[in-house]
A.B. asks: 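Attaching a single structure in structure tokens format; questions to follow.
Atom set for the values below is all heavy atoms of this structure, side chains included, hydrogens, waters and symmetry mates excluded. Note that the structure is predicted; figures quoted are calculated from it, not measured.
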Amino acid sequence: MLRTMIFSWKTLFRDKANTFWILLFPIILGSFFKIAFGNLEATENISTIPVAIVKSDSAYDEQLDNVITQLSTEKGGFLEATYCTEEEAKEQLKEKEIVGILHSGEMVRLSVSENMKEQSMQQSILKTFVDRYNMQVNALTELLPDHMEQYREMIDALSAEITYNANESLGRHPDQSPYTQYFFNLLAMQCLFTAVGGVLVACHNQANMSELAKRITVAPTHKLIRIVPELLAVTIYEFVLNAVGFTYMAFILKIQLLDRLPFTILTMFLGCFVGVSLGFFIGCFGHFDQTAKQGLVFAVTMPLCFLSGLMIGNMNILIENHLPIVNRLNPAALLTDSFYRLSQYEDLSRFYTNILTIIGFIILFCVTGFLMTRRKTYAQL
């Protein structure tokens, strides 16, 4: 058993393509992710909303001024106000220098641009502010003449503080970058790419693949005793390569991946195992050569990674809303969700379900692949 494992490690160590796809490619891609998403994070800021104020030259201007002053960024608010004429405001809105225009008057009006969909959240905040402001003004105008004795109570009630944009903790790390999910997907992809090593195991046990495979196949050793150590050896070797990539992301790129480290390591190991078993399963199909079968591995794993959100961040959410069974049967989605839940959720029940599903896939792929290899016969070699 040990000799088989050492032989497998030597074979993998000499396989430069395997090292590139499992180790170097994820590191290169992760570095590009960090550069790209780092620049995006630097430009994203919804804490302040630039607006233009157009006065109406009436008594209502002072009333709006007082409110805008209280909500200005200089006093810890969320509005960055600029006073200008209507023509100047429209020009600024056209150039996307501001999010909206507030027109002073008996009822404040809000003007926004339909061509600024990327600022839809800020536009919604402005609309909420304008609606509430007009509601307060209208309430005071209608109620005060008949209830002057309750003037103070009404002012206090209508002046109750409203937080238009508040930071809410939605997980264990509310400050975690929304782009971290891409690195979770990258780890899942790295795990599934170990299927390349699984194909190698399958080809070593098919006599029509190579001269080496012929000698291995005619050996008196039982196939199960030969295949199991080889699968374990490949899994351990690929796991070490994955661990190097994980360390690079965690300590060099400073991605938040170290939460619940024992569970994370377990997930990575099982991810490598399911990748290797998937490759073994694929490698047992047909009479293609090793290169063609490894190409088939990428043809299978890349769509799985796409569906889990590697290329489009919210893809797994769309699938969850319309066809959730895909996420339950996609190894890449299961691994990505496991990493995410370890990072953000106190309740790990879904994580345990994901792990059990992954173990089920490992058993399914290994048993099916072994049965396919065991039943193969050759007319001549």
A.B. asks: Nearest 0.5 Å, what's the CG-OG1 distance between Leu310 and Thr336?
C.D. replies: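 Interatomic distance, Leu310 CG to Thr336 OG1, rounded to 0.5 Å: 8.0 Å.
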A.B. asks: Between Ser56 and Ser104, which heavy-atom pair has the shortest distance, and what is it?
C.D. replies: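 Taking Ser56 first and Ser104 second, the nearest heavy atoms are CB-O, 3.3 Å.
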A.B. asks: Using a 4.5 Å cut-off on heavy atoms from C-beta on, say whether the side chain of Gln190 contacts that of Phe246.
C.D. replies: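 A side-chain contact under 4.5 Å is absent here.
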A.B. asks: Let me see the working for Tyr237 and Thr19 under side-chain contact (heavy atoms from CB on, under 4.5 Å), right down to the final yes or no.
C.D. replies: CA-CA 10 Å; Tyr237 181 85; Thr19 303; 4.1 Å; yes
A.B. asks: Is it the case that the ring center of Phe351 lies less than 6.0 angstrom away from the ring center of Tyr345?
C.D. replies: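 Ring centroids of Tyr345 and Phe351 are no less than 6.0 Å from each other.
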A.B. asks: Nearest 0.5 Å, what's the CG-OG1 distance between Asn242 and Thr247?
C.D. replies: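 Here the interatomic distance stands at 10.5 Å.
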A.B. asks: Treating Ile, Leu, Val, Met, Phe, Trp and Tyr as nodes and any side-chain heavy-atom pair under 4.5 angstrom as an edge, say whether Val54 and Met107 lie in one connected cluster.
C.D. replies: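 In one cluster: no.
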A.B. asks: Are any non-hydrogen side-chain atoms of Phe239 and Ile265 less than 4.5 angstrom apart?
C.D. replies: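 Of all side-chain heavy-atom pairs linking Ile265 with Phe239, at least one is under 4.5 Å.
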A.B. asks: Looking at side-chain heavy atoms only, is the closest gap between Ile68 and Leu102 below 4.5 Å?
C.D. replies: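 Yes; the side chains approach each other to less than 4.5 Å.
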A.B. asks: If you measure from CG on Leu126 to OG on Ser111, what distance do you get to the nearest 0.5 Å?
C.D. replies: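 Atom-to-atom, Leu126:CG and Ser111:OG are 11.0 Å apart.
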A.B. asks: For residues Lys90 and Ile101, determine if any side-chain heavy atom of one lies less than 4.5 Å from a side-chain heavy atom of the other.
C.D. replies: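 Heavy-atom side-chain distance check passes, below 4.5 Å.
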A.B. asks: Can you list the residues that meet the ring-ring contact (aromatic ring centres under 6.0 Å, His included) rule with Phe183, with sequence neighbours excluded?
C.D. replies: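 Only Phe33 meet the ring-ring contact (aromatic ring centres under 6.0 Å, His included) criterion with Phe183.
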A.B. asks: Find out if a path of hydrophobic residues (ILVMFWY) with successive side-chain heavy-atom gaps under 4.5 Å connects Leu356 to Val274.
C.D. replies: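 No; tracing contacts between hydrophobic side chains, which count when under 4.5 Å, never links both residues.
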A.B. asks: If you draw a 6.0 Å radius around NZ in Lys55, do more than 12 non-hydrogen atoms from other residues or ligands fall strictly inside?
C.D. replies: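 Yes, enclosed.
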A.B. asks: Can you measure from CD (Gln181) to OG (Ser343) and round to the nearest 0.5 angstrom?
C.D. replies: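 The OG atom of Ser343 is 11.5 Å from CD of Gln181, to the nearest 0.5 Å.
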A.B. asks: Begin with the C-alpha distance, continue with both residues' side-chain angles, and end with the deciding distance and a verdict on side-chain contact (heavy atoms from CB on, under 4.5 Å) for Val234 and Phe280.
C.D. replies: CA-CA 11 Å; Val234 172; Phe280 176 64; over 6 Å; no
A.B. asks: Working to the nearest 0.5 Å, report the span between CD of Glu230 and OG1 of Thr235.
C.D. replies: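 The distance works out to 10.5 Å.
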A.B. asks: State, with a plain yes or no, whether a side-chain heavy atom of Asp259 is found less than 4.5 Å away from one of Thr264.
C.D. replies: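 Contact flag for Asp259/Thr264 side chains = no.
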A.B. asks: To the nearest 0.5 angstrom, please state how far the CZ atom of Phe129 sits from the OG atom of Ser124.
C.D. replies: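 The OG atom of Ser124 is 15.0 Å from CZ of Phe129, to the nearest 0.5 Å.
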A.B. asks: Which atom pair, heavy atoms only, marks the closest approach of Val196 to Val297?
C.D. replies: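 For Val196 and Val297, the tightest heavy-atom pair comes out as N-CG1, 4.2 Å.
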A.B. asks: Looking at every non-hydrogen atom in both residues, tell me the closest pair between Phe365 and Ser277 and how far apart they are.
C.D. replies: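 Minimum heavy-atom contact is CB-O, 3.4 Å.
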A.B. asks: Could you tell me whether Phe13 atom CZ has more than 12 heavy atoms of other residues or ligands within 6.0 Å of it?
C.D. replies: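 Counting other residues, nucleotides and ligands, CZ of Phe13 stays at 12 neighbours or fewer.
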A.B. asks: Report yes if some heavy atom in the side chain of Glu97 is under 4.5 Å from a heavy atom in the side chain of Thr82; otherwise report no.
C.D. replies: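 Heavy-atom side-chain distance check fails, nothing below 4.5 Å.
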A.B. asks: Parallel under 30°, tilted from 30 to 60°, perpendicular over 60°: which one fits the rings of Phe298 and Trp21?
C.D. replies: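 Tilted, since the angle between the ring planes falls between 30° and 60°.
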A.B. asks: side-chain contact (heavy atoms from CB on, under 4.5 Å) between Val112 and Lys127: does it pass, once the steps are laid out?
C.D. replies: CA-CA 10 Å; Val112 296; Lys127 185 177 186 304; over 6 Å; no
A.B. asks: Run the salt-bridge test on Lys94 and Glu87 with the 4.0 Å N-O cut-off and return the result as yes or no.
C.D. replies: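 Judged by the 4.0 Å cut-off on N to carboxylate O distance, Lys94 and Glu87 do not form a salt bridge.
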A.B. asks: Should the pair Phe273 and Phe269 be assigned to parallel (<30°), tilted (30 to 60°) or perpendicular (>60°) ring geometry?
C.D. replies: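 The arrangement is perpendicular - the two ring planes meet at more than 60°.
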A.B. asks: When hydrophobic residues are tied together by side-chain contacts of less than 4.5 Å, even through go-betweens, does Leu371 share a cluster with Val228?
C.D. replies: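 Same hydrophobic cluster.
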A.B. asks: Do the side chains of Leu364 and Phe281 get nearer than 4.5 Å, heavy atoms only?
C.D. replies: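 The answer is no; the side chains never approach within 4.5 Å.
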A.B. asks: Would you say Trp9 and Val240 are hydrophobically clustered, going by side-chain heavy atoms of ILVMFWY under 4.5 Å?
C.D. replies: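 No.
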A.B. asks: Quick check: closest heavy atoms across Cys203 and Lys293, and the distance to 0.1 Å?
C.D. replies: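 Nearest pair, atom of Cys203 first, then Lys293: SG-CD, 4.3 Å.
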A.B. asks: Is the shortest side-chain heavy-atom distance between Phe339 and Leu257 below 4.5 Å?
C.D. replies: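 No, side chains not in contact.
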A.B. asks: Output, in order, the C-alpha distance, side-chain angles, deciding distance and verdict of side-chain contact (heavy atoms from CB on, under 4.5 Å) for Leu110 and Gln123.
C.D. replies: CA-CA 9 Å; Leu110 171 65; Gln123 291 175 347; over 6 Å; no
A.B. asks: Write down the atom of Val199, the atom of Gln294, and the distance for their closest heavy-atom approach.
C.D. replies: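 Looks like CG1-CG, 3.8 Å.
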A.B. asks: Could you check whether Asn18 and Glu238, counting side-chain N and O atoms only, form a donor-acceptor pair closer than 3.5 Å?
C.D. replies: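 Looking only at side-chain atoms, Asn18 and Glu238 do form a donor-acceptor pair, the distance falling under 3.5 Å.
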A.B. asks: Quickly, which of Asp337, Asn316, Asn185 forms a side-chain hydrogen bond (donor to acceptor under 3.5 Å, both in side chains) with Ser308? Name it, please.
C.D. replies: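 Considering Asp337, Asn316, Asn185, a side-chain hydrogen bond (donor to acceptor under 3.5 Å, both in side chains) with Ser308 is found only for Asn185.
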A.B. asks: Are Ile312 and Leu318 in one and the same hydrophobic cluster, where Ile, Leu, Val, Met, Phe, Trp and Tyr link if side-chain heavy atoms are under 4.5 Å apart?
C.D. replies: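 Result: no, two separate clusters.
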A.B. asks: Does the side chain of Ser349 pick up a donor-acceptor pair with the side chain of Asp347 at under 3.5 Å?
C.D. replies: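 Note: Ser349 and Asp347 side chains meet the donor-acceptor criterion.
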A.B. asks: Met311 and Tyr182: which non-hydrogen atoms are nearest, and at how many Å?
C.D. replies: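 Result for this residue pair: O-CE2, 4.3 Å.
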